[in-house]
*Asks:* 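My questions all concern the structure below.
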Amino acid sequence: MSSDFESYEQDFAVLTAEITGKIGKVPKLVGDDKKQMVANVEKQLEEARELLEQMELEVREIPPQSRGMYSSRMRSYKQEMGKLEADFKRSRIAYSDEVRNELLGDDGNSSENQRAHLLDNTERLERSSRRLEAGYQIAVET
């Protein structure tokens, strides 16, 4: 039984790698090429969902004493599937940087400046959060 599960795992790994590669290409394509790639990725996502269902059925047939390990693997595969679907959704509506810059008249420098400010503010927020947590911990201890 576990050999079937491992075979499904290998198929899932290969399929998700292909999907990830294609998702990365989708924003760069236009017109019919993009539509064709989107349809292809949707078909592969459906295949991946079916593989997950088969894997779940295999896990149910595994003896209870060794089922826990396979169940945790299934959870991680489901999370990976959710991430792939979210990435695909974003890539379908994403434009390439050239198209974005052309539409917005953006030279890219302001975007980099905004990113730098955002990172600085995020770091400052994290430091403040750690200080607050440390202060709270001291208050609890006293």
*Asks:* Where do Glu18 and Val41 land on the side-chain contact (heavy atoms from CB on, under 4.5 Å) test, with the steps shown first?
*Replies:* CA-CA 9 Å; Glu18 289 177 13; Val41 171; over 6 Å; no

*Asks:* Which atom pair, heavy atoms only, marks the closest approach of Leu15 to Ala48?
*Replies:* CD2-N, 3.4 Å

*Asks:* Under 4.5 Å between any side-chain heavy atoms of Glu9 and Leu51, yes or no?
*Replies:* no

*Asks:* Taking the side chain as C-beta and beyond, is there a heavy-atom pair between Glu46 and Glu50 under 4.5 Å?
*Replies:* yes

*Asks:* Using the salt bridge (Lys or Arg N to Asp or Glu O under 4.0 Å) definition, which of the options Arg75, Arg49, Arg73, Lys78 pairs with Glu56?
*Replies:* Lys78

*Asks:* Indicate, with yes or no, if Met81 and Leu57 share a hydrophobic cluster defined by side-chain heavy-atom contacts under 4.5 Å among Ile, Leu, Val, Met, Phe, Trp and Tyr.
*Replies:* no

*Asks:* Would you mind reporting whether Phe12 and Gln54 have side-chain heavy atoms less than 4.5 Å apart?
*Replies:* no

*Asks:* To the nearest 0.5 Å, how far apart are CG in Asp87 and OG1 in Thr20?
*Replies:* 7.5 Å

*Asks:* Between atom CG of Asp33 and atom NZ of Lys25, what is the distance when rounded to the nearest 0.5 Å?
*Replies:* 11.5 Å

*Asks:* Mind listing the closest non-hydrogen atom pair of Ile23 and Pro27 along with its distance?
*Replies:* O-CD, 3.3 Å

*Asks:* Would you name the heavy atoms of Arg67 and Ile62 that are closest together and state the gap between them?
*Replies:* NH2-O, 2.9 Å

*Asks:* Assess whether a salt bridge exists between Asp120 and Arg124, defined as any Lys/Arg side-chain N lying under 4.0 Å from an Asp/Glu carboxylate O.
*Replies:* no

*Asks:* Does any part of the side chain of Thr122, heavy atoms only, come nearer than 4.5 Å to the side chain of Glu126, both counted from C-beta?
*Replies:* yes

*Asks:* Say whether, by atom type as modelled, one donor and one acceptor occur between the side chain of Lys34 and the main chain of Arg92 under 3.5 angstrom.
*Replies:* yes

*Asks:* Please round to the nearest 0.5 Å and tell me the distance separating atom NZ of Lys22 and atom CD of Gln44.
*Replies:* 3.5 Å

*Asks:* About how many Å separate CZ of Arg115 and CG of Leu119, when rounded to the nearest 0.5 Å?
*Replies:* 9.0 Å

*Asks:* Evaluate the side-chain proximity of Glu42 to Val38: yes if any heavy-atom separation is below 4.5 Å, no if none is.
*Replies:* yes

*Asks:* If I take atom CD from residue Gln137 and atom OG1 from residue Thr142, how far apart are they, to the nearest 0.5 angstrom?
*Replies:* 10.5 Å

*Asks:* Tell me, with the steps shown, if Tyr70 and Glu58 meet side chain to side chain donor-acceptor pair (under 3.5 Å).
*Replies:* CA-CA 9 Å; Tyr70 291 103; Glu58 288 296 322; over 6 Å; no

*Asks:* For Val59 versus Ser71, what's the shortest heavy-atom pair and its separation?
*Replies:* CG1-OG, 3.8 Å

*Asks:* In Å and rounded to the nearest 0.5 Å, what is the CG to CG distance from Leu45 to Leu84?
*Replies:* 6.5 Å

